[in-house]
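Here's the structure we're looking at; comments come further down.
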Amino acid sequence: MNGEVSSDALTAFAVFAEHLNFTRAAAELHISQPALHVKVAKLARTLDRPLYHRSGRRLVLTPDGEAVARFARDHDERLTRFLGELRATPHTSR
């Protein structure tokens with residue numbers, strides 16, 4: 001691996017993987033399509049794996065892309081659950 005994987009990149013990839021369309025995924029994320037493309041390309045470079053390819057006019061996840069998408073969805077769900085639990089816990093100070 002060439003660097004660290006950010007939560008932001010994983011979230012962006014999870015949304016892209018859901019849509020397999022940069023325009024729709026970017027709209028859902030409230031970012032530009034070129035910005036999303038850069039995030040996905042950087043993630044692929046960081047992991048040193050192709051995450052999707054073109055099949056005719058469609059985009060298709062590679063097996064590595066499917067694995068990253070599963071991990072990214074799980075990561076997002078776990079983070080959301082953790083933050084919800086943390087917010088529900090009374091604040092304690094020392």
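The chain is numbered in sequence order, starting from 1. Everything quoted here is computed from the prediction, not taken from an experiment.
Smallest separation of non-hydrogen atoms from T62 and P50: OG1-O, 2.7 Å. Shortest non-hydrogen contact noted between A12 and L29 is CA-CD1, 3.8 Å. Pairing each heavy atom of S55 with each of V60, the nearest pair is CB-CG2, 3.7 Å. Annotation for E28 and E18: closest pair OE1-OE2, 4.3 Å, computed over non-hydrogen atoms.
Note that the CD atom of E85 and the OG1 atom of T80 stand 11.0 Å from one another [nearest 0.5 Å]. Taken to the nearest 0.5 Å, the CZ atom of R81 stands 11.5 Å off from the CG atom of D76.
Looking only at side-chain heavy atoms (C-beta outward), L61 and F13 come within less than 4.5 Å of each other. Counting heavy atoms from C-beta on, the side chains of H75 and R78 never come closer than 4.5 Å. For the pair L20 and R58, the minimum side-chain heavy-atom distance is 4.5 Å or more. Residues D74 and R70 are not in side-chain contact: their nearest non-hydrogen atoms beyond the backbone lie 4.5 Å or more apart. In this structure, the side chains of V68 and L47 come closer than 4.5 Å at one or more pairs of heavy atoms. Taking 4.5 Å as the limit, some side-chain heavy atom of V5 sits within range of a side-chain heavy atom of L10.
Of the possible polar contacts, one joining the S32 side chain to the A35 backbone as a donor-acceptor pair under 3.5 Å is found.
Residues satisfying the salt bridge (charged side-chain N to carboxylate O under 4.0 Å, His left out) criterion with D8, sequence neighbours excluded, are K39.
Separation of the Y52 and F22 ring centroids falls under the 6.0 Å cut-off.
Under the 4.5 Å side-chain heavy-atom criterion for Ile, Leu, Val, Met, Phe, Trp and Tyr, L43 and V38 are members of distinct hydrophobic clusters.
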Begin with the C-alpha distance, continue with both residues' side-chain angles, and end with the deciding distance and a verdict on side-chain contact (heavy atoms from CB on, under 4.5 Å) for R54 and L59. CA-CA 5 Å; R54 283 205 173 275; L59 298 178; 3.6 Å; yes
